[in-house]
J.: 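Provided herewith is a single structure, encoded as structure tokens, for subsequent inquiry.
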Amino acid sequence: MEPMIKHKRFAALTATSALVLAGACAPAAEGSVTLAARPASINSSLLNGAWLTDGYGTIVVITGHTMQTYDTTAISCLRNDLAGTAAGSGASRGSRRFTDNDGTVSTFTAGARPGQARWHIDANLSDRILRRLPRLPARCTRPTPDTPAEAFEIFWHTMAENYPFFARRGVSWPRVYRTYRPRVTAHTTRTQLLAIFADMIRPLHDEHVGIVAGQTVVAFDRPGTVIPTPQLDARARALVERADLQHALRTWCRGRIGYASLPGHLGYLRISGFTGYTEPYSFAANAAALRHALDAIFTTARTAGPGRLRGLVIDLRPNGGGGDPLGLAIAARLTGRTFFGYAKQARNDPARPGRFTAPQPFWVRPARAPRYTGPVVILAGGSTVSAGETFTQAMLQRTPRPVLIGENTQGVFSDLLTRQLPNGWWFGLPNEEYLTPSGRTYDITGIAPAVRIPVLTAGQFAAGRDPAFRAAVAILDRARSRP
């Protein structure tokens, strides 16, 4: 399985809290979070044992050189496929690193006091705060019945305990239970059960809520938008190349990153995803491939001297998401000063949807490499999803602020919380919010453009026209001509 990143398996604070978030966060290392300092003398053997995450409903068991995770609800505890072996003791730093069964690296670090620790997944930004359990609960060691009723109960409870947006999407999840639970019996077939699950999640229209049943994927995007697919990506690339690019688009990262020079010392940067840069997958390999691409794009000649860029179009139409750290790595090549990107918080009270973990802030710091710091226009729309949206959200805090052209983004920001059912199906859901300095989120509605122009429409494809791209170039031309 891939790590718990965005779009993994299918294609607000009070006013007082907002002030604390904006005023108390000091710049840290790029993509890092400021937490309490930890004594270097803590021995990593203290990490052995069972730990429960704050939010996320996950138990982690560390035993010597192995780690194992369990997914929990109020009624269940299932052993997860996410397991790993030690990648080095790290005893002198009070930490242990594990490489799991898909190459993802998890780092566990002991806290300043016994019974506290944190867990960092390399493809994610935020840390998951851990508290020690006396032992692995007995229910985690018992087999879970593989019945339609058990699958229904685990699915419903996982959503009820972790999903933050029922009220904002106008869905009563208890009513969903009363409607659909009587339809599940011992004789319910897998096809019937999947249809019931689809009916349960359809009213949410949340692209980050989905079920993977063998080769069948069930997910629903926001009405009026199109889920990004390789086919849409190919059509979008062909449209801009055919209609407006006078120079060939050079690509990296298996075609996910592209760049072309435009007349008047302008540039065009196309980003169709923040993952999938290498095969086989690993976050480290993806990050290395991205660094290579950015070094080739943001050269000294393009960032300094008389021939430097005077404006940059960043095209996120479509963008299927991926890893937030890669988005912030690109943002770090687009600034000369540190700026606040966003903060993350996760739902952590099963009984109260409005309760969240403490927000973890993330800052964009200038990269130690050539950087472009001039005017930027971003193209986005309903097929800009997940990490494509968090990148946009962060970039809107940049100075000078980019101009956003197109349509509202999809409106799904959270990393995916992925779970497995006793029948072998997987499902995913969001459990986090991404906050602006004022405590606002763009979930559900998406980020609205400053200049609203329909993008990637059937008529535009048929006519070979890209009005959003042309509007972007016109804006940059005007900015370039100013004294």
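On a predicted model such as this, the values are computed, not experimentally measured, just so you know. Hydrogens, waters and symmetry mates play no part in the numbers below; they use all other heavy atoms, side chains included.
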J.: As an exercise, state the distance from CZ of Arg97 to CG of Asp122, rounded to the nearest 0.5 Å.
T.: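 Arg97 atom CZ to Asp122 atom CG measures 8.5 Å (nearest 0.5 Å).
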
J.: Mind running side-chain contact (heavy atoms from CB on, under 4.5 Å) on Thr104 and Ile121 for me, showing each step along the way?
T.: CA-CA 7 Å; Thr104 301; Ile121 300 170; 3.5 Å; yes

J.: Output side-chain donor-acceptor pairs under 3.5 Å for residues 49-64, partner residues at least two apart or in another chain, one line each.
T.:
| residue | atom | partner | partner atom | Å |
| --- | --- | --- | --- | --- |
| Trp51 | NE1 | Leu47 | O | 2.8 |
| Thr53 | OG1 | Gly55 | O | 2.5 |
| Thr53 | OG1 | Thr58 | N | 3.2 |
| Thr53 | OG1 | Thr58 | O | 3.2 |
| Asp54 | OD1 | Asn348 | ND2 | 2.8 |
| Tyr56 | OH | Glu432 | OE2 | 2.6 |
| Thr58 | OG1 | Tyr56 | O | 3.2 |

J.: Under 3.5 Å, is there a donor on one side chain and an acceptor on the other for His120 and Ser106?
T.: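 No.
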
J.: For a 4.5 angstrom cut-off between non-hydrogen side-chain atoms, does Glu279 reach Arg254?
T.: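 Heavy-atom side-chain distance check passes, below 4.5 Å.
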
J.: Using every non-hydrogen atom in the two residues, find where Phe362 and Gln360 come nearest and quote the distance to one decimal.
T.: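 Closest approach of Phe362 to Gln360: CE1-O, 3.2 Å.
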
J.: Determine, for Asp295 against Arg333, whether the closest basic-nitrogen to carboxylate-oxygen distance falls under 4.0 angstrom.
T.: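 Looking at Asp295 and Arg333, the cut-off is met.
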
J.: Assess the residue pair Asn431 and Phe356 against the criterion (side-chain contact (heavy atoms from CB on, under 4.5 Å)); give the C-alpha distance rounded to whole Å, side-chain angles, the decisive distance to 0.1 Å, and a yes or no.
T.: CA-CA 9 Å; Asn431 68 319; Phe356 290 84; over 6 Å; no

J.: Would you compute the distance between atom CZ of Arg465 and atom CG of Asp244 and round it to the nearest 0.5 angstrom?
T.: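 If we round to the nearest 0.5 Å, Arg465:CZ and Asp244:CG are 11.5 Å apart.
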
J.: Return the orientation label for the Trp363 and Phe340 ring planes: parallel under 30°, perpendicular over 60°, tilted otherwise.
T.: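 Trp363 vs Phe340 ring planes: perpendicular.
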
J.: Do the side chains of Leu266 and Leu309 get nearer than 4.5 Å, heavy atoms only?
T.: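 Heavy-atom side-chain distance check fails, nothing below 4.5 Å.
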
J.: Determine whether a donor-acceptor pair (N or O, by modelled atom type, separation under 3.5 Å) exists between the side chain of Glu207 and the backbone of Gly411.
T.: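 Not confirmed, Glu207 side chain does not pair with Gly411 backbone.
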
J.: Just checking, any donor-acceptor pair under 3.5 angstrom between side chains of Arg131 and Gln116?
T.: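 Per modelled atom types, Arg131 and Gln116 side chains form no pair under 3.5 Å.
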
J.: Checking side-chain contact (heavy atoms from CB on, under 4.5 Å) for the pair Val377/Leu312: CA distance, chi angles, key distance, verdict?
T.: CA-CA 6 Å; Val377 175; Leu312 181 67; over 6 Å; no

J.: How far does CZ of Arg96 sit from CG of Leu46, to the nearest 0.5 angstrom?
T.: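 Atom-to-atom, Arg96:CZ and Leu46:CG are 11.0 Å apart.
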
J.: Under the ring pair (Phe, Tyr, Trp, His ring centres under 6.0 Å) criterion, do Phe427 and Phe155 qualify, and how do the steps go?
T.: CA-CA 8 Å; Phe427 67 100; Phe155 179 75; 4.9 Å; yes

J.: Count the heavy atoms belonging to other residues, nucleotides or ligands that lie under 6.0 Å from NE2 of His247, then report whether that count exceeds 12.
T.: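 Yes, NE2 of His247 has more than 12 neighbouring heavy atoms, counting only those of other groups under 6.0 Å.
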
J.: Does NZ or CZ of Arg235 come closer than 6.0 Å to the centre of the six-membered ring of Phe461, within 45° of the ring's axis?
T.: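 Cation-pi check for Arg235 and Phe461: passes.
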
J.: Asn408 vs Arg452, test: side chain to side chain donor-acceptor pair (under 3.5 Å). Steps then yes/no.
T.: CA-CA 8 Å; Asn408 284 46; Arg452 186 170 294 277; 2.6 Å; yes

J.: Between Phe391 and Phe274, how do the two ring planes meet: parallel, tilted or perpendicular, split at 30° and 60°?
T.: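 If you compare the ring of Phe391 with that of Phe274, the planes turn out tilted.
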
J.: Between the side chains of Thr409 and Glu389, is a donor N or O closer than 3.5 angstrom to an acceptor N or O?
T.: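 Present: a donor and an acceptor within the cut-off.
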
J.: Is the gap between the ring centers of Tyr372 and Phe298 under 6.0 Å?
T.: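 No, the ring of Tyr372 stays outside the 6.0 Å limit from the ring of Phe298, centre to centre.
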
J.: For a 4.5 angstrom cut-off between non-hydrogen side-chain atoms, does Asn286 reach Tyr281?
T.: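 Yes, side chains in contact.
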
J.: Just do the salt bridge (Lys or Arg N to Asp or Glu O under 4.0 Å) check on Arg470 and Asp477 with the steps written out, would you?
T.: CA-CA 10 Å; Arg470 295 186 178 183; Asp477 278 337; over 6 Å; no

J.: Rounded to the nearest 0.5 Å, what separates atom CG in Leu78 from atom CG in Leu421?
T.: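 Answer for the CG-CG pair, Leu78 versus Leu421, is 8.0 Å.
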
J.: Working to the nearest 0.5 angstrom, can you tell me the gap between Asp206 CG and Phe165 CZ?
T.: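 Taking CG in Asp206 and CZ in Phe165, the distance rounds to 7.0 Å.
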
J.: Let me confirm one number: the CZ-CG distance from Phe413 to Asp443, rounded to the nearest 0.5 Å.
T.: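 Between atom CZ of Phe413 and atom CG of Asp443 there are 6.0 Å.
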
J.: Are Tyr268 and Asp315 linked by a side-chain donor-acceptor pair shorter than 3.5 Å?
T.: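 A donor-acceptor contact under 3.5 Å links the two side chains.
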
J.: Tell me, do Arg419 and Asp71 make a side-chain contact under 4.5 Å, heavy atoms counted?
T.: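 A side-chain contact under 4.5 Å exists here.
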
J.: Taking disulfide bond (SG atoms under 2.5 Å apart) as the test, write out the residues that go with Cys253, two or more places apart.
T.: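 Cys253: no disulfide bond (SG atoms under 2.5 Å apart) contacts found.
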
J.: Identify whether the distance between the nearest side-chain nitrogen and carboxylate oxygen of Lys344 and Asp127 falls below 4.0 Å.
T.: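 Asp127 and Lys344: not salt-bridged.
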
J.: Output, in order, the C-alpha distance, side-chain angles, deciding distance and verdict of side-chain contact (heavy atoms from CB on, under 4.5 Å) for Trp252 and Leu294.
T.: CA-CA 9 Å; Trp252 298 262; Leu294 296 178; over 6 Å; no

J.: Pro318 and side-chain contact (heavy atoms from CB on, under 4.5 Å): which partner among Leu456, Thr225, Thr229?
T.: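 Of the listed options, the one satisfying the test is Leu456.
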
J.: Among Asn319, Leu326, Thr384, find the one that has a side-chain contact (heavy atoms from CB on, under 4.5 Å) with Ile271.
T.: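 With Ile271 as partner, side-chain contact (heavy atoms from CB on, under 4.5 Å) holds for just one option, Asn319.
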
J.: Run the numbers on Arg302 and His265 for side chain to side chain donor-acceptor pair (under 3.5 Å), then give the verdict.
T.: CA-CA 9 Å; Arg302 290 195 179 111; His265 296 288; over 6 Å; no

J.: What is the minimum heavy-atom distance between Pro430 and Val209, and which atoms define it?
T.: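 Of all heavy-atom pairs spanning Pro430 and Val209, the closest is CD-CG2, 3.7 Å.
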
J.: Report the C-alpha distance between Ser386 and His208 in whole Å, list the side-chain angles of each, state the deciding distance to 0.1 Å, and finish with yes or no for side chain to side chain donor-acceptor pair (under 3.5 Å).
T.: CA-CA 8 Å; Ser386 199; His208 268 183; 3.0 Å; yes

J.: Are Asp233 and Arg270 within salt-bridge range, i.e. N to O under 4.0 Å?
T.: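 Salt bridge: yes.
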
J.: Could you check whether Glu433 and Gln345, counting side-chain N and O atoms only, form a donor-acceptor pair closer than 3.5 Å?
T.: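 Yes - a donor-acceptor pair under 3.5 Å links their side chains.
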
J.: State whether the side chain of Asn124 and the backbone N or O of Ser126 hold a donor-acceptor pair below 3.5 Å, judged by distance alone.
T.: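 No.
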
